[in-house]
J.: 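Before anything else, here's the structure in question.
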Amino acid sequence: MGALSAAAAILAAVRAIPRGAVASYGEVARRAGLPRHARMVARTLASADDLELPWHRVVRSDGRIAFAPDSDGWKEQCARLRAEGVKVIAGRVRMPARGEPATLDAALWGPVD
DNA sequence: CATATGACGTGGG
DNA sequence: CCCCACGCCATAT
């Protein structure tokens, strides 16, 4: 058991995020059984080679895109999210309450507006 | 071994 | 909205 399985757990948690939903780095870490490892999640995504990995569904705890505003990665993530129905305003998305199951429904319709 | 760095998080002013 | 401090952790230098 080492860094290798930790990365596997993180990738699995990311792949588990439903299409049209989002999760914070810290939330992904918790779901992967690695609390306080938000930074490791970021590192893992940065070095991931899996083209199918839905990395764009991972944002900061406050809903902001983690990349520098207007950077290539920032634009790419905004586009990918919008492409699957997620509302992105000023590089920001509505985050599900802590512990709440980010469902497709919640992401698409969201509670009130 | 000491510092510096980040696709981070939380709290406070 | 801004800014800052501090905690946290794997890597890089």
Side-chain angles (χ1 to χ4, degrees):
Chain A
M1 309 279 266
L4 212 142
S5 64
I10 289 172
L11 293 178
V14 172
R15 281 189 271 259
I17 304 173
R19 186 170 178 292
V22 296
S24 73
Y25 291 85
E27 184 59 33
V28 169
R30 279 189 293 278
R31 292 176 187 175
L34 298 167
R36 293 186 290 300
H37 285 246
R39 289 195 121 119
M40 197 183 135
V41 171
R43 246 208 132 308
T44 301
L45 291 189
S47 58
D49 48 355
D50 183 352
L51 283 284
E52 294 303 287
L53 190 70
W55 56 268
H56 56 280
R57 299 184 192 148
V58 185
V59 299
R60 285 191 193 166
S61 63
D62 58 8
R64 281 178 339 189
I65 299 296
F67 288 109
D70 297 312
S71 66
D72 290 352
W74 186 90
K75 294 176 196 159
E76 177 64 19
Q77 188 162 12
C78 287
R80 285 188 179 220
L81 285 173
R82 286 199 257 253
E84 55 183 52
V86 177
K87 284 199 279 184
V88 184
I89 295 96
R92 186 116 182 241
V93 308
R94 259 178 59 71
M95 285 298 284
R98 266 264 272 127
E100 290 292 303
T103 63
L104 176 61
D105 239 33
L108 290 178
W109 301 94
V112 203
D113 199 347

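In what follows, every chain begins at residue 1, and chains take the letters A, B, ... in the order their sequences are listed.
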J.: When the distance from OH of A:Y25 to C1' of B:dT10 is rounded to whole Å, what number comes out?
T.: 17 Å

J.: Measuring from atom CH2 of A:W55 to atom CG of A:L45, what distance do you get when rounded to the nearest 0.5 angstrom?
T.: 9.0 Å

J.: Between P on C:dT11 and CZ on A:R43, what's the gap in Å once rounded to a whole number?
T.: 6 Å

J.: Would the distance check show the side chain of A:R82 and the main-chain N or O of A:V88 forming a donor-acceptor pair, the cut-off being under 3.5 Å?
T.: yes

J.: Could you tell me whether the side chain of A:R57 and the main chain of A:I17 form a donor-acceptor pair under 3.5 Å?
T.: yes

J.: To the nearest angstrom, how far is A:R30 atom CZ from B:dG9 atom C1'?
T.: 9 Å

J.: Restricting to non-hydrogen atoms, name the atom on A:M95 and the atom on A:V22 that form the minimum distance, rounded to 0.1 Å.
T.: SD-CG2, 3.8 Å

J.: Send over the distance from A:I89 CD1 to C:dC1 C1', rounded to a whole Å.
T.: 17 Å

J.: Would you say A:R39 reaches C:dA10's phosphate, i.e. side-chain N/O to OP1/OP2 under 4.0 Å?
T.: no

J.: Measure from the side chain of A:R60, starting at C-beta and using heavy atoms only, and say which of B:dT10, B:dC8, C:dC1 lies closest.
T.: B:dC8

J.: Give the rounded distance in Å between these two atoms: CG of A:L34 and P of B:dC8.
T.: 17 Å

J.: Find the distance A:M40:CE to C:dG7:C1' and express it as a whole number of Å.
T.: 18 Å

J.: Could you measure between the two C1' atoms, the one in B:dA7 and the one in C:dC2, and give it in whole Å?
T.: 22 Å

J.: Whole angstroms only, please: what is the NE2-P distance between A:H37 and B:dC8?
T.: 16 Å

J.: How long is the line joining CG of A:D62 and C1' of C:dC3, in whole Å?
T.: 15 Å

J.: Describe the nucleic acid contact of A:W55 in one word from base, sugar-phosphate, nothing, applying a heavy-atom distance below 4.0 Å.
T.: base

J.: When the nearest nucleotide of DNA chain B is assigned to A:V58 and to A:R98 on a heavy-atom basis, which residue is associated with the more 5' position?
T.: A:V58

J.: Let me see the working for A:R60 and A:D62 under salt bridge (Lys or Arg N to Asp or Glu O under 4.0 Å), right down to the final yes or no.
T.: CA-CA 5 Å; A:R60 285 191 193 166; A:D62 58 8; 5.2 Å; no

J.: Any side-chain N or O of A:S61 less than 4.0 Å from the OP1 or OP2 oxygen of B:dT10?
T.: yes

